[in-house]
Participant: 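Before we start, here is the structure in question, set down as structure tokens.
Order of the sequence lines sets the chain letters (A, B, ...), proteins ahead of strands, with each chain counted from 1. Since the structure is predicted, the reported quantities are computational estimates derived from the model, not experimental observations.
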Amino acid sequence: MKGADTDDVKLELRSLRKVFDGVEAVKESNLILKRGEFLSLLGPSGCGKSTTLAMIAGFLEPTSGEILIDGKPVTHVPVQKRRIGLVFQDYAIFTKMSVRKNLLFGLEAQKVPRAKREKTVDEFAEKLDLKGLMKARGGELNMSEMQRVALARVLVTKPELLLLDEPMSNLDAALRASLRGELKRIQKDLGQTVLYVTHDQIEAMSMSDRIAVMNFGENLQVASPDDIYHRPKNRFVAEFIGDPPINMISCTVAGSGRSLRVSTEAHRDMPFETTAVSPGDYVLGIRAHHIVAAHEAFQGSIAAAVKLVENFGSEHVLHVTYGQDLMTVMVQPGFAREGDSVHVSFDLKDAHLVDRNSGAIYHPDEREAAA
Amino acid sequence: MSQLSVKSLNVSYDDLRALVDAEFDVEEGEFFCIVGPTNAGKSTLLKTIAGLVHPDSGTVNLKGRDVTRSQPKDRNVSLLFQNIALFPNLTGFENIAFALRTAGVAGSEIASRVKELGEMLKIGHVLDRLPKTFSGGEQQRVAIGRAIAKQADLLMLDEPLTNLDARIRTTLRIEFKEIHRKLGQTVIYVTHDQVEAMSMSDRIAVLHEGRLQQIGTPDEIYHRPANRFVAEFIGQPPMSFLNAEISQINGTMGIEIGGIRFPMPGIGQTQGSATLPDKLALGVRPEAVRVAPAKSPETPHQAEIIWVEHLGSMSVLDLRFGHDTLRAKVAPNHPISAKQTAWFGFEPRSDHLLNPETNMFFR
């Protein structure tokens with residue numbers, strides 16, 4: 001971490017491990033969360049993200065490794081002494097209490113003096129746009145309001161660290177989209193340090209300063225959303241991020257020295273200069289919006305039959321034949337229909353070369369740097 | 001004759017009107033989607049068609065037969081719920097074969113049909129195993145297989161992908177559409193996810209507060225939404241709405257937003273200027289807004305970018321425009337990637353002029 005002195009570090013995981021019945025749910029996790037940072041743990045069900053969170057919160061004892069908050073080990077500190085705020089998928093609010101009482105609750109438990117409690121709650125009601133709801137009872141709220149109140153209840157206590165575990169999973173897609181922006185705004189405004197657990201790449205991409213992509217208990221890549229999307233380090237990250245999923249096409253790399261040629265079944269001998277890759281069999285990863293499609297043949301294009309069209313309103317995704325495989329291509333609405341023939345090509349600079357065995361990815365940047 | 005015909009269907013729970021005058025037809029082989037937020041009445045509608053809920057009034061016709069008063073088992077419909085209920089003590093094979101066995105289909109035919117479905121749904125490897133060993137995606141594939149195997153006149157799915165991880169949802173969405181195409185079964189698909197509705201359906205019915213807002217093809221729903229609710233619910237990021245005033249200069253019609261005039265010579269004729277109120281709203285789709293760091297004929301107006309959301313394949317910019325926020329969708333490598341002053345432009349569409357009193361578009 002460049003320029004990060006220890007004052008900047010809010011949370012540090014050192015070789016954190018959790019084994020359940022011989023299964024390594026979390027493998028040697030090393031992670032640093034900076035003060036005021038929004039970091040997401042992103043991965044499929046069972047990847048170890050919630051287990052990691054539960055260890056940080058203090059609900060689970062790690063098998064080995066250390067957790068440090070503000071530079072102090074808390075691995076064996078009980079839950080209530082860690083000053084951590086938690087919000088889960090299921091909203092924990094008191095349905096019989098007014099929203100105001102819900103917000104006051106945590107401050108009362110912390111024995112904050114009365115006048116200060118009231119002032120803090122007013123302040124947060126304003127910031128979180130809850131003023132109109134303060135008198136409503138918890139049970140009268142809709143799901144999105146409930147989750148905002150659940151979040152506010154935790155935020156008023158000014159936790160050192162806020163842990164959010166899939167807080168939007170129970171919400172409708174449309175509500176999720178609006179809450180995303182709201183949560184990010186509040187987090188930035190308050191400078192709150194957040195660790196966010198999700199399987200939804202859109203949530204992770206849109207809100208995080210950095211994302212840790214996890215699979216089988218392992219942090220596969222920890223980087224900015226931009227790097228995760230454009231410079232994935234391995235095949236799992238490349239395939240997990242992006243919608244529609246990245247196209248993966250078999251290819252071979254031939255030639256010697258710097259002058260190599262990449263061939264797919266449909267495109268032969270695309271020139272390619274690098275020293276980072278040795279000849280052999282690879283997989284070529286390319287995203288749907290990087291494929292160029294036209295109605296007429298053009299330099300380097302090949303003909304492709306449109307098998308399926310997915311309508312997303314502002315764009316369509318064509319599923320077209322490419323050699324023996326199918327490939328997705330993002331186009332303007334109305335560009336082609338099922339059964340049409342189109343012509344497609346792509347620029348190798350937008351592609352990722354994936355090692356068949358290790359899954360490691362060679363990127364355009366690295367290739368340029370090597371050249 | 002339609003496969004399904006629903007006429008003036010009303011359902012209420014105590015004093016809550018869950019469904020109000022629902023009316024639509026679904027044609028044979030169609031993929032028909034019912035989309036709406038939680039509590040819109042989607043599941044009530046599905047259950048009423050299946051016979052699990054009795055309507056206060058109205059009729060349900062299946063292949064021309066009035067089944068409004070028929071028992072669920074006499075309707076030949078297949079219904080799959082969000083929460084998967086597989087028989088835990090039966091293998092994947094027997095789960096799929098269940099309905100076929102009860103229908104008395106011959107053993108050899110069951111074997112070949114289950115095998116075929118197993119291949120189509122990519123669950124050949126779990127057919128011999130018990131459900132407790134299945135992943136979430138495999139469970140849902142087996143459940144879909146069981147629902148399809150019955151070869152019902154109508155296959156109804158209630159949020160079948162909602163409980164799955166985002167990545168598996170994307171894959172199953174496409175696979176399910178391909179399977180539907182192969183089998184040609186009539187499908188009613190319920191979801192709150194507009195992406196599923198848009199990308200899978202032949203037609204979409206948008207439901208809100210128990211009332212059908214609009215029924216149409218995905219293109220009709222997206223490009224010519226009937227009202228503000230549909231316009232904001234379908235499409236992500238949603239359509240922006242800008243407060244506008246009618247302005248007429250030297251006989252040329254136009255609208256004014258935040259001190260900027262947009263000539264719209266067509267609106268006097270198509271909408272009839274007499275019927276247009278002074279104050280209205282203009283809907284703008286985010287992909288229709290062009291943004292640039294410098295002034296150009298395409299981007300003649302200046303605005304502050306107040307929020308930026310990076311989503312990988314695109315970025316969303318929020319522009320402060322007048323008293324409103326105008327959302328723009330741009331490519332990920334767009335020169336504007338942070339809060340700053342920028343230039344923008346768009347072509348107002350006359351069919352996206354909205355009456356703010358009624359929230360209906362002027363057409």
Participant: Between A:Q201, A:H319, A:R287, which residue shows the highest count of heavy-atom pairs closer than 4.5 Å to chain B?
Facilitator: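 Top option by heavy-atom pairs under 4.5 Å: A:H319.
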Participant: What's the separation between atom CE in B:M314 and atom NE2 in A:H289, rounded to the nearest 0.5 Å?
Facilitator: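 The distance works out to 10.5 Å.
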Participant: Does a side-chain N-to-carboxylate-O contact under 4.0 Å join B:E309 and A:R180?
Facilitator: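 Answer for the salt bridge query: yes.
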Participant: Count the heavy-atom pairs under 4.5 Å between each of A:A177, A:P245, A:A288 and chain B, then report the option with the highest count.
Facilitator: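 Most pairs with chain B among the choices: A:P245.
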Participant: Drop me the distance from A:T328's OG1 to B:I174's CD1, to the nearest 0.5 angstrom.
Facilitator: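 Between A:T328 OG1 and B:I174 CD1, I get 7.5 Å after rounding to 0.5 Å.
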Participant: Could you look at A:E338 and say if it's the side chain, the backbone, both or neither that has a heavy atom under 4.5 Å from chain B?
Facilitator: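 Contact with chain B: side chain only.
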Participant: In terms of heavy-atom proximity below 4.5 Å to chain B, should A:K307 be classed as side chain, backbone, both, or neither?
Facilitator: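 Just its backbone gets close to chain B.
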Participant: What distance separates A:L308 CG from B:S199 OG, expressed to the nearest 0.5 Å?
Facilitator: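 Spacing of CG (A:L308) from OG (B:S199) equals 9.0 Å.
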Participant: Does any backbone or side-chain atom of B:P332 lie under 4.5 Å from a heavy atom of chain A? Answer side chain, backbone, both or neither.
Facilitator: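 Side chain of B:P332 only, per the 4.5 Å heavy-atom cut-off to chain A.
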Participant: Atom CG in A:N170, atom OG1 in B:T162: separation rounded to 0.5 Å?
Facilitator: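 If we round to the nearest 0.5 Å, A:N170:CG and B:T162:OG1 are 11.0 Å apart.
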Participant: Identify which part of A:V309 has an atom lying under 4.5 Å from any heavy atom of chain B, answering side chain, backbone, both or neither.
Facilitator: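 The answer is the backbone of A:V309.
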Participant: Relative to chain A, which segment of B:E232 carries a heavy atom at a distance below 4.5 Å: side chain, backbone, both, or neither?
Facilitator: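 B:E232 has no heavy atom closer than 4.5 Å to chain A.
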Participant: Rounded to the nearest 0.5 Å, what separation is found between the OG1 atom of B:T38 and the CG atom of A:L175?
Facilitator: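 One finds 7.0 Å between OG1 of B:T38 and CG of A:L175.
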Participant: Which value, rounded to the nearest 0.5 Å, describes the distance between A:N311 atom CG and B:I221 atom CD1?
Facilitator: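 It comes to 11.0 Å.
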Participant: Tell me if a side-chain donor or acceptor on B:D165 pairs with a main-chain N or O of A:S45 at a distance below 3.5 Å.
Facilitator: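 Pair found, side chain donor or acceptor close to backbone of A:S45.
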Participant: Carefully, step by step, assess B:K177 and A:E310 under the rule salt bridge (charged side-chain N to carboxylate O under 4.0 Å, His left out).
Facilitator: CA-CA 9 Å; B:K177 184 168 173 170; A:E310 281 193 285; over 6 Å; no
Participant: Side chain, backbone, both or neither: which part of B:N39 has an atom under 4.5 Å from a heavy atom of chain A?
Facilitator: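 Neither part.
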Participant: Could you look at B:I168 and say if it's the side chain, the backbone, both or neither that has a heavy atom under 4.5 Å from chain A?
Facilitator: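 For B:I168, neither part sits under 4.5 Å from chain A.
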Participant: Do B:W307 and A:R185 have side-chain heavy atoms sitting under 4.5 Å apart?
Facilitator: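 B:W307 reaches A:R185 side chain to side chain.
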